[in-house]
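Worksheet: one structure, shown below.
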Amino acid sequence: MKALGCLLLLVVPGGLAAQHVAIGPQVVFGDYREVSSDLHYRGGGIGAKATLEWKKFSADIALSKVKYKPTSSVIGTQFDASEVDVRLHYYISGPVSAELGFINRKADPEFEAQSVGAVTAGAQMAYLLGPGVRMALHGGLMFGAKYSGGGTTSGLGALQLGLGLTVDALHGRVRVTGDYGFQRFSRTTNDGSGPLRAPIQQSLGRIGFAISF
Amino acid sequence: MNARVVLVAVMALGGVATLRAQTIQNPTLRRAQQAFDNLDYRQALSAGQAALRERLTGFERARAYELLGFTYSGMDSILKAVDAFKQVVLLEPERTLDPNRTSPKALSAFQVALTQVLVVRQLVVDSVTFVGGQGVVPLRYTVTQPARVVTRVVGGSTSLRIDSTVANGQVNLRWPARLPNGDPVPAGNYTIVVDATVGQNSFSTSQPIRVSHGSVDTLAHLTSLPGYTYLPETEVPPKSWRPMGLALVYTGIALAGTSALSNGDLGSASLREGGTIGAGIVLAGFIMTLKKPAPQPARGNILYNQLLRDQITRRNAEIAQENTRRRQQVALTVAALPRSSR
């Protein structure tokens with residue numbers, strides 16, 4: 001993850017001068033579940049998204065802070081989830097791009113929910129619906145997931161899926177953005193009494209706009 | 001009005017002067033002509049011969065011999081008629097008889113006379129304009145007897161032999177109007193001289209010509225090829241439900257994937273977030289389906305236009321080369337001038 005961060009630091013500034021950059025705020029709303037259907041949270045918050053394009057490369061960097069509140073008044077207390085989602089794309093052919101990135105989500109208070117970090121790898125399919133209207137579907141696996149409360153995930157146990165829409169407005173100077181991201185970690189823990197399933201699942205919707213440079 | 005009267009008067013005076021030069025003034029010869037018109041051949045013969053002993057102009061002398069020729073023909077003295085016509089031909093080599101107004105006997109005697117006298121007749125130089133080195137000046141003349149005929153062009157310090165041949169009858173020549181080194185003949189006045197020789201007999205005739213130089217017209221550059229027009233490089237594709245379909249497919253995959261990948265221990269998956277964004281995508285796809293499609297590049301037309309542009313560029317390059325060559329060329333105009341009167 002650190003290596004990926006270093007790579008971003010090296011690649012992104014070079015592309016800023018020459019290629020397209022869009023950055024803007026987003027409204028975020030999400031659904032978070034952990035361990036069982038009883039630990040179910042919903043909430044909203046704010047976020048920001050930056051998109052960079054340079055030759056065959058592009059990068060999406062999304063930051064969000066969601067205040068999750070339990071749907072049940074009996075179990076759980078509200079917490080803030082701060083998430084960084086970085087995805088690098090390399091255009092391959094047709095609508096297909098390869099995707100590599102990482103996510104890092106921190107819960108505050110720390111013990112109300114699991115903080116998690118993982119490297120993501122997958123593919124993205126993008127399609128131009130019309131002039132200035134693009135949609136993208138992406139999915140992949142998340143490797144090396146680390147949890148603040150411990151636990152492990154099998155190789156195919158952490159998955160993500162996403163959907164995105166970008167609509168250019170004002171001759172492309174402004175973009176209306178909408179993103180959906182789904183994450184599922186099939187986490188297992190073992191406190192000595194044997195493996196216990198403690199899955200984590202989040203659906204996140206983001207709607208906003210971005211200024212293009 | 002006055003100017004018109006003056007013009008008519010001048011033309012009438014000119015005509016009279018011409019007529020006087022071309023009409024018979026000698027009274028003896030006029031008497032002979034009158035006798036011939038009255039079919040009094042003996043009187044015509046004696047008066048004509050008497051006229052020849054008098055002082056006559058060239059025209060009158062030729063008319064006197066011609067009158068004798070006609071008279072001898074009428075009297076069936078063909079040999080004498082031929083002799084008289086030979087004198088006519090020698091005096092006026094260009095003389096011809098109108099077959100519609102001349103008796104066959106006289107005509108045949110004239111033709112026989114032509115074959116017995118060496119003359120070069122009907123030298124004609126056609127007026128032409130051509131690019132130096134790429135055209136010729138047509139010349140033609142008629143030799144009445146088999147003879148060595150040398151055709152030359154003379155003018156200033158230039159004397160060029162155009163042709164040397166043994167010929168009889170009509171001869172057609174093509175003169176390229178070039179100097180021996182290949183350069184075009186300099187502008188100026190020249191004379192085409194035709195010398196015919198048979199033994200001791202020789203005859204020479206000439207035709208003045210004027211050679212003038214001009215610049216050769218250059219070709220205009222092309223902006224389009226005749227018959228070929230540029231095609232539009234973009235075309236609007238027909239309306240399609242593809243955007244709507246793809247939006248539904250993408251959204252369906254995302255929502256179905258969410259449901260499928262959702263962990264069963266956590267209850268049914270939330271489709272609120274995916275549904276919101278998916279609805280936006282489907283709406284965008286629907287709008288894009290209704291919207292007039294954006295013009296798409298027409299690859300075939302682009303290639304066709306590129307070919308057309310390449311062709312025009314290539315043709316213009318050729319035209320530029322051709323124009324460079326033409327600016328170094330000269331347009332020759334050769335015009336026959338009126339012959340000076342004998």
Side-chain angles (χ1 to χ4, degrees), chain A residues 27-42 44 71 95 125-139 156-167 176-187 196-207, chain B residues 232-299 301-302:
Chain A
V27 175
V28 187
F29 54 102
D31 180 279
Y32 181 85
R33 301 175 193 210
E34 191 174 325
V35 181
S36 73
S37 60
D38 295 329
L39 275 178
H40 182 196
Y41 300 82
R42 277 186 171 171
T71 55
M125 287 179 67
Y127 179 75
L128 196 66
L129 282 175
V133 181
R134 290 174 294 276
M135 67 173 178
L137 177 70
H138 67 92
L156 299 175
L159 302 160
Q160 65 156 352
L161 186 67
L163 194 61
L165 173 69
T166 307
V167 180
V176 178
T177 59
D179 295 287
Y180 165 65
F182 171 79
Q183 297 164 357
R184 191 205 73 181
F185 297 92
S186 295
R187 171 179 171 240
L196 288 173
R197 291 196 287 185
I200 300 169
Q201 185 171 294
Q202 179 185 251
S203 294
L204 208 59
R206 295 193 294 261
I207 297 172
Chain B
E233 296 198 350
T234 57
E235 57 190 8
V236 178
K239 277 188 181 178
S240 164
W241 286 91
R242 185 180 168 85
M244 178 71 179
L246 279 171
L248 284 171
V249 168
Y250 274 47
T251 304
I253 290 172
L255 296 179
T258 299
S259 291
L261 298 175
S262 180
N263 195 303
D265 295 340
L266 301 176
S268 59
S270 168
L271 298 179
R272 183 186 63 151
E273 296 76 18
T276 304
I277 303 301
I281 288 176
V282 171
L283 179 65
F286 182 66
I287 292 170
M288 287 302 112
T289 296
L290 296 181
K291 200 175 172 184
K292 186 181 175 185
Q296 300 290 320
R299 185 171 168 73
N301 292 0
I302 291 169

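Sequence lines set the chain letters: A, B, ... in the order given, protein chains first and strands last, and positions in each chain run from 1.
Atoms OG1 and OH, on B/Thr251 and A/Tyr180 in that order, are 11.0 Å from each other to the nearest 0.5 Å. Note that the OG atom of B/Ser268 and the CZ atom of A/Arg33 stand 5.5 Å from one another [nearest 0.5 Å].
Nearest approach of B/Ile281 to A/Leu129, heavy atoms of both residues: O-CD1, 4.1 Å. The heavy-atom pair separating B/Gly267 from A/Ser37 by the smallest distance is N-CB, 3.9 Å. Across all their heavy atoms, B/Gly278 and A/Leu163 have their closest contact at CA-CD2, 4.1 Å. Closest heavy-atom contact between B/Ser270 and A/Arg42: OG-NH2, 3.7 Å.
Put simply, of A/Pro131, A/Gly130, A/Gly205, A/Pro199, the one with the most heavy-atom pairs under 4.5 Å next to chain B is A/Pro199. For chain A, the option among B/Leu266, B/Thr276, B/Ile277, B/Ile253 with the highest count of heavy-atom pairs below 4.5 Å is B/Leu266. Taking A/Met125, A/Glu34, A/Met135 one by one and counting their heavy-atom pairs under 4.5 Å with chain B, the maximum is reached by A/Met135.
Looking only at side-chain heavy atoms (C-beta outward), B/Ser262 and A/Gln201 come within less than 4.5 Å of each other. Using a 4.5 Å heavy-atom cutoff, the side chains of A/Phe182 and B/Glu273 are not in contact.
In this structure, no portion of A/Leu128 lies under 4.5 Å from any heavy atom of chain B. In this structure, the portion of A/Leu161 lying under 4.5 Å from any heavy atom of chain B is its side chain and not its backbone. With a 4.5 angstrom heavy-atom cutoff, A/Ile207 touches chain B only via side-chain atoms. Within the 4.5 angstrom heavy-atom criterion, only side-chain atoms of A/Arg197, from C-beta onward, approach chain B. Looking at A/Asp38, neither its backbone nor its side chain comes within 4.5 Å of chain B, counting heavy atoms on both sides.
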Side-chain donor-acceptor pairs under 3.5 Å in residues 236-247 of chain B, sequence neighbours left out?
from, atom 1, to, atom 2, distance (Å)
B/Lys239, NZ, B/Leu290, O, 3.2
B/Ser240, OG, B/Arg242, N, 2.9
B/Arg242, NE, A/Tyr127, OH, 3.0

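Using a distance-only test at 3.5 Å, with no hydrogens or angles considered, no donor-acceptor pair links the side chain of A/Arg184 to the main chain of B/Thr258.
Just one residue in the list B/Leu261, B/Asp265, B/Asn263 forms a side chain to side chain contact (heavy atoms under 4.5 Å, CB included) with A/Ser186, and that residue is B/Asn263.
Between B/Arg272 and A/Asp31 there is no salt bridge, since none of the side-chain N atoms of the basic residue sits less than 4.0 Å from a carboxylate O of the acidic one.
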